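Below: the structure, in structure tokens.
Owing to the predicted nature of the structure, the values given are computational and were not obtained by experimental measurement.
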Amino acid sequence: MATNSIKIFAGNSHVELAKLVARRLGTELSKAVVLKYSNQETSVTIGESVRDEDVYIIQSGCGEINDNLMELLIMINACKTASARRITAIIPCFPYARQDKKDKSRAPITAKLIANMLTVAGANHVITMDLHASQIQGFFNVPVDNLYAEPNTLRYIAENIPDYKNGVIVSPDAGGAKRATSIADRLDLDFALIHKERKKANEVSRMVLVGDVKGKIAILVDDMADTCGTLGLAAKTLAENGAIKVYAIVTHGILCGKAVQVINDSVLTKVVVTNTVPHEDKKKICPKLDTIDISGTLAEAIRRTHNGESVSYLFNHAV
């Protein structure tokens with residue numbers, strides 16, 4: 001057992017999740033004041049000693065994404081200069097994860113820049129969840145634990161979708177095929193794929209279904225729902241192909257722009273998201289939204305990291 005104690009700090013991006021994680025570990029959030037000056041500079045004051053302690057800073061990449069990223073970097077650096085033994089950045093939703101490759105000339109690989117910034121600020125370890133591309137772990141020179149929402153997703157499907165045995169797991173694009181096939185295999189269900197053609201970013205022109213969903217419950221699985229345009233179109237395509245119900249299960253429910261309106265107007269029965277990103281305000285105006293709580297997985301990852309135990313247990317077991 002480690003002799004130093006766990007200190008959990010929260011940035012302003014998702015305080016509720018940080019409180020849930022701290023409660024799961026039977027502790028309180030450590031004192032920190034994070035605010036903005038009138039000139040928009042971020043100010044961080046760590047309110048207690050972290051000398052030789054194991055520090056965990058929970059900050060999700062959502063909302064005012066650049067402000068939240070800056071908050072995280074300053075908090076990491078404040079703890080580093082205050083002589084913390086080890087600093088772990090817990091980033092449930094990794095910012096800029098979609099900018100992970102040079103897909104056109106002169107495009108930046110911003111995810112690599114974020115990795116460099118976190119390392120230079122003083123992070124010794126990063127814990128994140130369902131990275132958009134798991135190769136992002138290779139951008140870091142420090143250990144990265146990429147946790148999966150899959151075990152919690154499997155449990156949700158088994159417990160909350162009636163007659164799920166008559167289901168088909170559907171990936172809304174080719175990129176998510178691996179994730180969807182993994183879930184289909186573990187539930188012993190069929191798999192289908194939607195091929196989408198884009199005219200420009202965030203705008204899908206045409207969708208083609210590969211697979212059979214006639215008379216079945218279609219369960220769309222994706223890592224991220226942004227404007228929900230893809231989900232809405234995918235649900236419509238599935239309904240046109242004979243699916244009796246369409247569920248969507250997404251890890252990061254960013255839900256910006258007209259996302260809530262798209263969900264409400266779509267044929268989707270339910271859209272299930274994890275709480276890596278706060279969405280309580282959206283639930284009030286969208287009765288189709290449901291939540292999977294992943295605070296237990298993050299808390300167990302913290303406990304195992306602190307005690308020097310294996311984290312790979314969490315890849316296959318829901319907590």
Looking only at side-chain N and O atoms, does N66 offer a donor or acceptor that is under 3.5 Å from a partner on Y96? yes
Rounded to the nearest 0.5 Å, how far does OH of Y164 lie from CD1 of I219? 9.5 Å
Looking at E64, I'd like to know if its CD atom is crowded, meaning that more than 12 non-hydrogen atoms belonging to other residues, nucleotides or ligands lie closer than 6.0 Å. no
Could you grab the distance from atom CD1 of I46 to atom OG of S30, nearest 0.5 Å is fine? 9.0 Å
In sequence, state the C-alpha distance, the side-chain angles, and the governing distance for E309 and R303, and then conclude on salt bridge (Lys or Arg N to Asp or Glu O under 4.0 Å). CA-CA 8 Å; E309 297 172 27; R303 191 193 68 75; 3.2 Å; yes
Using a strict threshold of under 4.0 Å (side-chain N to carboxylate O), is an ion pair present between R24 and D293? yes
Check G122 against I76 and note the closest heavy-atom contact, atom names and distance. C-CG2, 3.5 Å
Short side-chain to backbone donor-acceptor contact, N166 and G215, under 3.5 Å: yes
Short side-chain donor-acceptor distance under 3.5 Å, Y56 and D54: yes
Sequence neighbours excluded - side chain to side chain donor-acceptor pair (under 3.5 Å) pairs with any residue from residues 252-267: H252-T276
Closest approach of K80 and V120, non-hydrogen atoms and distance? NZ-O, 4.0 Å
Check: T128 side chain, I91 main-chain N or O, donor-acceptor pair, under 3.5 Å: yes
Assess whether salt bridge (Lys or Arg N to Asp or Glu O under 4.0 Å) is satisfied between E48 and K7, documenting all intermediate values. CA-CA 10 Å; E48 56 190 80; K7 298 268 184 182; 2.8 Å; yes
Which heavy atom in I254 sits nearest to a heavy atom in V277, and how many Å separate them? CA-CG1, 4.4 Å
Would you say K245 has more than 12 foreign heavy atoms packed within less than 6.0 Å of its NZ? no
Among V55, N4, T305, exactly one meets side-chain contact (heavy atoms from CB on, under 4.5 Å) together with R86. Which residue is that? T305
Near M70 CE, under 6.0 Å, is it more than 12 heavy atoms from other residues, nucleotides or ligands? no
Hydrogens and angles aside, do Y156 and D290 bring a side-chain donor and acceptor to less than 3.5 Å of each other? yes
Taking it one step at a time, do D188 and K165 satisfy salt bridge (Lys or Arg N to Asp or Glu O under 4.0 Å)? CA-CA 8 Å; D188 197 23; K165 291 282 186 192; over 6 Å; no
Please determine, by modelled atom types, if H14 and N68 share a side-chain donor-acceptor pair under 3.5 angstrom. no
Indicate the atoms forming the closest heavy-atom contact of V221 with R179, along with that distance. CG1-CD, 4.0 Å
Under the rule for side chain to side chain contact (heavy atoms under 4.5 Å, CB included), what residues qualify as partners of A18, not counting sequence neighbours? A10, L29, I58
Give a yes or no on this: more than 12 heavy atoms of other residues, nucleotides or ligands lie within 6.0 Å of atom NZ of K112. yes
Between E71 and N12, is there a side-chain donor-acceptor contact under 3.5 Å, judged purely by atom types and distance? yes
If you compare all heavy atoms of H132 against all heavy atoms of D223, which two are closest, and at what distance to 0.1 Å? ND1-OD2, 2.8 Å
Under 3.5 Å, is there a donor on one side chain and an acceptor on the other for E53 and S5? yes
Would K284 and E280 count as a salt bridge (Lys or Arg N to Asp or Glu O under 4.0 Å) if you check the C-alpha gap in whole Å, the side-chain angles of each, and the deciding distance to 0.1 Å? CA-CA 7 Å; K284 290 172 186 165; E280 289 307 313; over 6 Å; no
K216 NZ to D163 CG distance, which is reported to the nearest 0.5 Å: 11.0 Å
Between CD1 of I302 and OG1 of T27, what distance do you get to the nearest 0.5 Å? 10.0 Å
State, to 0.1 Å, how close V267 and A235 come at their nearest heavy-atom pair, and which atoms those are. CG2-O, 3.5 Å
For K19, is the NZ atom crowded, meaning more than 12 foreign heavy atoms sit under 6.0 Å from it? no
When you look at D173 and H195, which way does the side-chain hydrogen bond (donor to acceptor under 3.5 Å, both in side chains) test go after all the steps? CA-CA 6 Å; D173 55 27; H195 170 64; over 6 Å; no
